[in-house]
Engineer: 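My questions all concern the structure below.
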Amino acid sequence: MSCDLFEGISWNSDETRIAYVGYKVSGSDDKDSSSWKGQGDWEEDWGETYAGKRQPALFVINITSGEVQAVKGIDRFLSVGQVVWAPSSEGSAQYLVFVGWSYETRKLGIKYCYNRACAVYAVKAPHESKPNENEIHSTEDAHALILTQTISSAFLPRFSPDGNFLVFLSARSSVDTGAHSATNSLHRIDWPKDVKLYQSAKVHDVIPVVLCADDDGFPGLYFSSILSDPWLSDGHTLIIPSVWHSSQVLLSVNVLSGQIKRITPADSNFSWSLLTLHGNNIFAVSSSPVDVPQVKYGTFVEKEGGNSEWRWSDVSNPIYKCSDKVRSLLSSLTFSIMKISVKDASENPTKGSCKPFESIFVSSKTKKSDACDPLIVVLHGGPHAVSLSSFSKSHAFLSSLGYSLLIVNYRGSLGFGEEALQSLPGNIGSQDVNDVLSAIDHVIDLGLASPSKIAVLGGSHGGFLTTHLIGQAPEKFVAAAARNPVCNLALMVGTTDIPDWCFLESYGTKGRDRITEAPSAEDLTLFYSKSPIAHLSKVKTTTVFLIGAQDLRVPISTGLQYARALKEKGVPVKVILFPNDVHGIERPQSDFESFLSIAAWFNNKTSQQQPLLDYPNDPEARFKNLNLHKNANKRVNSNGFVLKKKNVHTKCSTKCVNYNGRVLAILQALDTIHDLDKALGPWEKRLGKKEMSIILKGQVCWERALMIFEWFKQKGCYELNVIHYNIMFWILGKERKWRFLESLWNEMNANGVLPVNSTYGTLIDVYSKSGFKEEALGWLQRMLSQGMEPDEVTMGVVVQLYKRAREFQKAEEFFRKWSRGEPLVIAIDHNTVDVRHVCNEVSHVNVCLNSHTYNTLIDIYGKAGQIQAVYEIFAKMIKQGVAPTTVTFNTMIHLYGNHGRIREVSLLLQRMEELRCPPDTRTYNILISVLVKHNNIKLAAKYLMKMKEAFLEPDLVSYRTLLYAYSTRKMVQEAEELVREMDERGLKIDEFTQAALTRMYVESNMLEQSWLWFRRFHVAGNITSSCYCANIDAYGEQGYTLEAEKVFMCCKQKKKLSVLVFNVMIKAYGIGKCYDKACQLFDSMEKFGIVANECSYSSLIHILASADKPHIAKPYLNKMQEAGLVSDCILYCAVISSFVKLSQLDMAEELYIEMIGHTVKPDAIIYSVLINAFADVGNVIKATGYLDRMRNAGFVGNQAIYNSLMKLYTKIGYLKEAQQTYTLLQSLDQAPSVFSSNCMIDLYTERLMVEQAKEIFESLKKNNIANEFSYAMMLCMYKKIGRLDEAFQIAKQMRKQGLLTDLLSYNNVLGLYSMDRRLREAKETFKEMIESGIQPDDFTFRALGHL
């Protein structure tokens, strides 16, 4: 989960090759003088932390042969990283996907700088060479493809588990604005199944940039690292960390719908980091400024009503521990996150920049006196970074010395939305300074800090603020500490690895256009005015400077210059230089020394104002106490079981009840003789209670059982006990005969037969199994109110009740309370019944439960996803000597398999063998299903063979699971062998599998076999209407219309036509472009007594509209409207668009008016279509009219609409309107397109508005999007006004960049050369024109003739 850019390692799918990022080794051949390189030759690097490192490159190693191959086809100006293998497809080339950062002139610093443009690329992996291989492989398509050309930033690529799509993070806000870090966005590319890749795949937005969120709303994405496997088992949900205001939280993101959920507790101010996923569960770390990191285990819990939540529990053996002394120190501290109002809100143009910012305040829980503890104001760097509410050893050290901390996340910090972040560039040294002063005033006003005891500490931009504050507020601070501070931007800009930072933060976004290696006097003047050194004359505060000598980000000259100037003024200063440290001063020894020095410096200065409380004589000892140690005392074995190996004594209790011949004879008599007197008469005087129970249980018909029960009562010679009533309750409840059951209950009470535990257990069980949860709980309530405590069996029934309702938490709570003897509280219809008098604190903790109860508990916790609880229950079961049964192991294998823990599944199978607990058919079925789910088909097939070898008969589930797996993977031979085996055994193939095999044959181009397969089931009459649909669709989707039609006729023959069958056949006709047949089929539905539904109309109308047949589609749309099936404007939009495409605007507008008449509200797309259509024909009134209607409807214009208007205004020469529209385009997230910009250039050049045209043209050039038309218009304008030097420069650039591609451009250039008598250039241009295949015209020859 590293965030280093130029690294990466990835295994291919069969784990035979590894792709990795390494550094190119520059070699030279002494014999080749052209390859000689001097010792002093200098090469650019990527700045801070990358000094001296070579160019990163991609390599692939074969782990079997050890062969290492460099990946070919990657541009030499591309630095690569973050490589992953693309999903493989049989018969297709294997691709690598990686991130590339390009450069041409200078490599600017990239560490912490996400504003460097990057893209996701795909390149073919090196071919695996084989011995004696002579085949020559083509390299023409070996070049890397850019997959994300339409977006300026793309990194951290991750494939979905099924390989259907690729997601990636984008820092396009950083790239487009210049801010070194900003709000990220998340995107998705659909990965082609055939692995046929194209430049610029369509990029889907998953999570856009959030400009300004609601107070408690999602503020946007802020993260720079991601797990290598971040997916939950559904294959489309990502788990990622992200900054949310002053905390880091964990999010789940559905990359298909874009749904975002915060899965860490919303009421917690702690920060969370992600360790790994554990199936559908999560290992994370939670901490706060006063709480050491704690490993957490998160499980997903379904709740009643369709809601769900993540439940977090502490892991029993934490990875961190600290001494009791440190824990005591931390326990005396508290923290809070404060919201600070913005004082200059009226000066800010955006809503987000006016929202409160936050500060983290850390202090002692109790005051030892009325005086406040000294305060240290802590400021982060960046400035576009954030201080999190997580544990920091350095901050905890300072807190433990008696300081309060005010950690300020001023506006411009990450985690608060893009508008708040972008409010800072251009306002550094003022807005951020004012925010910090506001935060200090806030805690002073609350009485939490003394104005006379405040110190300030910051690094990088935090050091910039520190030195600004002691200059702008010289009376406020008694001490300061600055780590690698930015003190003089004018000095820094020429030596830093990120000079662009100086321009952007000083000028704001317009600074991007001013970036240069040679700043002007104006630039340097502004840089100096924005710098702390401009306020140096007012500084009085004693300051310690901590400087890294190897810092390339903020070179040491800026800090040393400031420190020397303070010394010159007589201000007490100390400079500590770390010779081997870079910007971060993060080496352990240096980090230790720096904060130790800061503590000593602050203590010395603040104690002069007010002695610190309980300050230790040795701050170094206090600092060392805060070291955290990994806990190595506790060990967990590799399979995750918390089990001890011990002897297990298995009790085999088998009851053999040998009924005498009398009971068997009675049962046979009851089967054959209806009259009970005749059937039971011979044994009337000799039946015992046990025999009566057996007779009642043996009845398969509830009426017969009730008749026998009544016969027993009528004879008067039998005493019916509670067991007989229990049997009848079970029989009647199973058949849902509630009236008879309740009557029997009243009778039992009237006869003085007291219910026992099993009576209530039976009643609870039958009601809950029938779905009457509240009634079942009513019986439990009645039981408890009678002072009767549930026994183990009844407890298990209640737990099962909650499990069926998917109320796993209630099941767990009931079991825990029952086992501990705690009072049971039952909630029925939101009325809580407290029965504290029942349990009398009788504990069941040491009760040895039976295997059935343990199995129930394991199943419940497993379904709730609480794997840790399953471990504990299984361990307790083993410890108490209760032998796990096959059911136990089946449940656990199913649980582990569904969570992807295949190793544990193998260990469970071994355990079964050790305990001589044989697998049954269900065991093997679970194994087959699990392995299919994880795409291990070969092993799944082996387990089918093992099942047979164990003399177990595979059932329908065994075959169907494997057969469906074969069919979806087009494993035709394996599927056919399995079908033959099923046929031999007489097993029926279900219709779902039948349709899947039809599709398998069709997609394998085996049409004859597919038809024979379909006919087999059709002739046998074993196909339902939905199965016919699936078979039609299998043919139709592949374009086999005739075969689909044949299946439809078969369905018709069997009289199983339905609306779904018609809909699927209409779809097949559409795919096959049989439009007339689609209409005829639709029209015939009524003849078969079938009414078309919304899907029928929608499918046909879409088919006709996309086939440029709107005249035919419109009557169907009218019919649909009359049938009341039109719910939105989507179909109107499709037909209107089709009319527009055919240039039939009157018809399009007529349909629009009809739509309005039917009170169907148009959407932005319809307006866009009509605006563009009328713009194309130059109809200003109509185009602007629809624009006004769109705005009145509350829709905002988009780039497509504004481009259409630009085209219109250019065509008719409306300059003012075009300028207004272009301004609207500039206000959108995306910059104006080259088309719109060319329109403006066209209008300006016609009016000879040179400077305005030039400004737009230069902007296009800077963004590398100026095209041939842009250059040609500028050339013509310069030529027209006689500025030939500029015109010649444009012509030269066009030729150099290959922008001469049509006759008009060549004629313009030739005309220019002809005007100035430049024979050589004209001759060369004419030659290029002929060689490119463009035929000259009269103008060409006139221009040449003039020469």
Side-chain angles (χ1 to χ4, degrees), residues 956 960 963-964 967-968 988-1003 1007 1010-1107 1112-1113 1115-1128 1130-1131 1134:
L956 280 171
R960 286 172 181 171
L963 189 56
Y964 184 71
S967 67
T968 55
K988 181 183 177 182
I989 295 172
D990 66 292
E991 61 181 34
F992 184 72
T993 309
Q994 183 279 327
L997 262 71
T998 300
R999 189 175 293 274
M1000 174 191 74
Y1001 283 124
V1002 172
E1003 292 178 355
L1007 290 186
S1010 71
W1011 185 249
L1012 291 173
W1013 174 255
F1014 164 74
R1015 287 283 298 173
R1016 164 183 164 175
F1017 294 88
H1018 166 67
V1019 171
N1022 295 332
I1023 301 186
T1024 63
S1025 177
S1026 59
C1027 189
Y1028 279 112
C1029 288
N1031 282 271
I1032 293 169
D1033 200 44
Y1035 286 112
E1037 282 194 345
Q1038 299 300 314
Y1040 296 119
T1041 310
L1042 291 177
E1043 287 75 9
E1045 206 171 40
K1046 286 164 66 178
V1047 176
F1048 178 84
M1049 297 307 294
C1050 290
C1051 180
K1052 177 183 172 184
Q1053 175 191 340
K1054 292 291 184 179
K1055 298 182 179 179
K1056 293 184 178 180
L1057 292 176
S1058 66
V1059 67
L1060 183 59
V1061 174
F1062 276 92
N1063 291 350
V1064 174
M1065 192 62 226
I1066 289 169
K1067 172 188 168 185
Y1069 280 137
I1071 293 172
K1073 299 182 179 180
C1074 302
Y1075 308 118
D1076 292 340
K1077 286 188 174 183
C1079 295
Q1080 291 167 9
L1081 185 64
F1082 182 93
D1083 295 339
S1084 69
M1085 291 175 73
E1086 191 175 348
K1087 182 175 68 175
F1088 291 97
I1090 293 171
V1091 178
N1093 60 15
E1094 185 178 351
C1095 183
S1096 315
Y1097 282 104
S1098 179
S1099 178
L1100 182 62
I1101 292 167
H1102 273 298
I1103 287 168
L1104 295 171
S1106 60
I1112 304 174
Y1116 289 107
L1117 181 56
N1118 292 338
K1119 286 182 182 179
M1120 186 179 182
Q1121 184 72 59
E1122 291 168 5
L1125 297 175
V1126 177
S1127 57
D1128 53 41
I1130 292 175
L1131 292 174

Engineer: So, taking the atom named OG1 in Thr998 and the one named CD1 in Ile1032, what distance separates them when rounded to the nearest 0.5 Å?
Structural biologist: 11.5 Å
Engineer: Supply the atom-to-atom distance Leu963 CG to Thr968 OG1, rounded to the nearest 0.5 angstrom.
Structural biologist: 9.5 Å
Engineer: I need the Ile1023 CD1 to Cys1051 SG distance, nearest 0.5 Å.
Structural biologist: 9.0 Å
Engineer: Starting at NZ of Lys1073, measure out to OG of Ser1106 and round the result to the nearest 0.5 Å.
Structural biologist: 9.5 Å
Engineer: What are the two closest heavy atoms between Ala1105 and Ala1113, and how far apart are they?
Structural biologist: N-CB, 4.4 Å
Engineer: Can the ring centroids of Phe1062 and Phe1048 be said to lie less than 6.0 angstrom from one another?
Structural biologist: yes
Engineer: Between Arg960 and Asp990, is there a side-chain heavy-atom distance shorter than 4.5 Å?
Structural biologist: yes
Engineer: Knowing that exactly one of Glu1094, Gln1121, Met1120 qualifies, which makes a side chain to side chain contact (heavy atoms under 4.5 Å, CB included) with Leu1131?
Structural biologist: Met1120
Engineer: What distance separates Met1049 CE from Leu1057 CG, expressed to the nearest 0.5 Å?
Structural biologist: 9.0 Å
Engineer: Hey, what's the ring geometry for Trp1011 with Phe1014, parallel, tilted or perpendicular (30° and 60° as the breaks)?
Structural biologist: tilted
Engineer: With a 4.5 Å heavy-atom cut-off, do Ile1130 and His1102 have their side chains touching?
Structural biologist: yes
Engineer: Can you confirm whether more than 12 heavy atoms, excluding those of Lys1054, are under 6.0 Å from its NZ atom?
Structural biologist: yes
Engineer: Which of these, Ser1096, Ser1058, Ser1099, sits in a side-chain hydrogen bond (donor to acceptor under 3.5 Å, both in side chains) with Asn1063?
Structural biologist: Ser1096
Engineer: Would you say the side chain of Gln1038 lies within less than 4.5 Å of the side chain of Leu1007, judging by non-hydrogen atoms?
Structural biologist: no
Engineer: How many angstroms lie between atom NZ of Lys1056 and atom SG of Cys1029, to the nearest 0.5 angstrom?
Structural biologist: 12.0 Å
Engineer: Does the side chain of Leu1125 reach to within under 4.5 Å of the side chain of Ser1098, using non-hydrogen atoms?
Structural biologist: no
Engineer: Among side-chain atoms of Glu1045 and Tyr1069, is any donor-acceptor pair under 3.5 angstrom?
Structural biologist: yes
Engineer: If you count heavy atoms of other groups shown closer than 6.0 angstrom to OH of Tyr964, is the number above 12?
Structural biologist: no
